[in-house]
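Worksheet: one structure, shown below.
Protein chains get the first letters and strands the later ones, always in sequence-line order, with residue 1 at the start of each. Keep in mind the model is a prediction, meaning the values are calculated, not measured.
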Amino acid sequence: MSVRTVALEDLLSRRRSRGLWVGATLLALLFAVLAYTYNGYRLTPFEEAQAVFRMLALAVGLVYPIAAIVASYGAVSGARESGGMRFLLSLPNTRRDVFLGKLAGRLALAAVAFAVPFVAAASMTAAIRGVVPLGTALLVGVLSVCYGAVFVSLAVSLSAAFAEKSRAITASIAAYFLLVLSGFIPFLDPGELVRIVHTDVLQAAPNTALYDAVSHLTPFTAFRNAMNLAFPPELQASVFRTTGELPAYLSPSASLVILAAWFVIPPIVGYRRFNRSDLA
Amino acid sequence: MTAAVETRGLTKRFGDTVAVEDLDLEVEEGEIFGFLGPNGAGKSTTINLLLDFIRPTAGSAEVLGIDAQADPQRVRERVGVLPEGYGFDDPLTGREYVDWAIDTKGAADDPDALLDTVGLADDADRLARAYSKGMQQRLGFAMALAGDPELLVLDEPSTGLDPNGIQSMRETIRERAEAGTTVFFSSHILSEVEAVCDRVGVMNRGELVVTDTIAGLRESAGGRASVHIECASPPGELGLADIEGVLGVEPDGRTLTVTCADPSVKADAVVRAAERTDVVDVLSSNTSLESLFNDLTDGGREGDER
C-alpha cells in the first residue's frame, strides 16, 4: 500500500510546518473566544450553550473552507512545482497512490485541526456556563469536520488538476466565491441567478422550488441546512425561500447527500486530469 | 537475454517542439550505458518517458520487459532513479528521506549504511532542503540505491558534485554494476561517460545519432586529432588547409584550431604556421573522441534541457 507511505510522508512534513500549527491554534483560540463572549438574551445556560454552537456553525461555514484551501492547495501542485513529485514518482508509487496519499494526508490533518476548535469551544462553554449541550456539540462538530473535509477534497483535487500552485490557488479562491460566498451575495447565488433568468428573461411564473433546489447545490447552503439536524426547532435556520413543509430534496438529510457528492466528485475529476498530465 | 531498456519509435512532442523523435534505443542487461548529448538533446525527456513522468506522443518504451506506460509501478519497484529537476521540498532530514525511499520500496536497507556510501553520514540529521546542491545530489543517489534495484537510471548524476564526489559515485556505480546492476545514465560530459561506460548512445536534437562501445567510437573517430595554435596576432587561415591530411582550419581570435586526419599531420600544421606567423603557444590534446562527439552533436547547442 503505497498510499500509506505517501500519506505518512506528507503528514510528517506538515507536522513540521509552523504555519499549520499557528493556524490551527488561532482557529481553536477564535472558537474559545467566540464561546466565551457569546451572550444570549433571556436564555437559560443550556439554551445559550446551544446558541453558541449555532453561531460557531456560521463561523465554520465561512472560515473552514478558507483554512482547508490554504492547507491543501499546494498538496499536489506544490510538489509538481518544486520537484518533490520527481521523487514521489521515482519510488514505486502510481499516480493514484500519490493523489490518494496526498488527499488522505491532508484529510487526516484537517480532521484534527477542525475538531480541536470544537473541543476548545465545548470546554469554554462548560467552564463558564457549567453545561454542555453534548448532542448538539457533537453533531455540529462532526458535521463541521465533514464540511471542512469537503473543501480539503476540493482543494487537493484542484491542486492535482493544475500544474502550478498559482493556478490551483486561483481556482480554489474562485470556488470559495461560488460555493461559499454565494450564500451571502445574491448575485453569486446560483438559485438567484436561475430566478432572474427564469422570471425576467424567460418571463415565466416564479418557481421557488426550482430556485431552492439550485441554491441547495452549493456546499455552504447544504451545510447550513444540514446543521438543522443538530438543533431544536426554535434554533433552526430557515435556509430556503420555500416556507412550511419542505420537500424531501430540501431536507437536511438530502443536504448530507449533496455534501457527500462534493466530497467524492472533485477528486474523480481532479485525478483524471492529473493522470493524463505530463508531470515533468 | 532481455533488454533492460528498449524503446521503439519513441516520440515526444511538446506543442510544436519535437523533444524526442522516433527513438529506438536498447540497453542490455548488466551493462553501464552512457546516454550522451548536449543540453536539450532529449536525454531527460527520454528518461522521463521511461519512468512515465510524461507520456509519449508515439511509440513505446519497455523497462526490464515491462511496458513503461501500462505498468509504471512495477517498473519503479525494480528501478532506482536519480531524477533531474527534483526538489527536496519537504522539511525532512536526509535520513528521513532515505527512510521513506526504503519504506516505499519495501526494502530492508540500513539508511545509515546508504548515507555512508554517499558520504552523508555526518549530515543525516540535517534538513535535506538546507543541503548544498552537491549534497542533495548525493542524497538523491542514496535514495536511488535503496532496495538494491536491478536497474539504476541516473539523470546527469554528477551535477553539482565536487571531484571527490564524482570519483566516489563512479566507484559505487562500478561496484553495483559488477554485482549485476544495469546502469543507465545520462551526461553531457564525454569524459565522464568515457570513464565508466561499456556502451554509449549519443543523442542530438531528439535523435539517437550513434550507439557504440567506447572502443568502437574511438575507432570510428579514427586517428583524427586537432591542434590549437595560438598566434601573436589574429592569423587568418595561413594556407594550412592545403596541407595534406588537414581536414579543417578554424580561426577564432588569435587561435587557430586545425583538425587533422592523423595525429602526425599536427606537426606539419604547426611548422607551416610558424613559417608564416608568430606562434605563441601550441596546445595539442588527444581529443579525437571529443571532436567526434562535437561533430555528432553540431558542437553542442545552447538551451535548457527538457
Whether A:F87 and B:Y86 hold their rings parallel, tilted or perpendicular, with breakpoints at 30° and 60°: tilted
Ion pair check, A:D278 and B:K12, cut-off under 4.0 Å: yes
Top contributor to chain B interface from A:S82, A:A79, A:S17, A:G78 [non-hydrogen pairs under 4.5 Å]: A:S82
Greatest number of heavy atom pairs closer than 4.5 Å to chain A - which of B:R74, B:K105, B:R78: B:K105
Residue selection (most heavy-atom pairs with chain B, distance under 4.5 Å) from A:N93, A:L91, A:L8: A:L91
Validation row, ring centre B:Y97 to ring centre B:F88 under 6.0 Å: yes
Part of A:S277 lying under 4.5 Å from any heavy atom of chain B: backbone
Engaged part of B:D52 at the chain A interface, taking heavy atoms whose separation is under 4.5 Å: both
Residues B:R129 and B:D89 bridged, charged N to O under 4.0 Å: no
Interface moiety of B:P91 toward chain A, non-hydrogen atoms closer than 4.5 Å: both
Pair A:F151 and A:Y64, ring centroids less than 6.0 Å apart: no
Top contributor to chain A contacts, counting heavy-atom pairs under 4.5 Å, from B:E96, B:E77, B:M143, B:R55: B:R55
Lys/Arg-Asp/Glu bridge criterion (N-O < 4.0 Å) met for A:R14, B:D90: yes
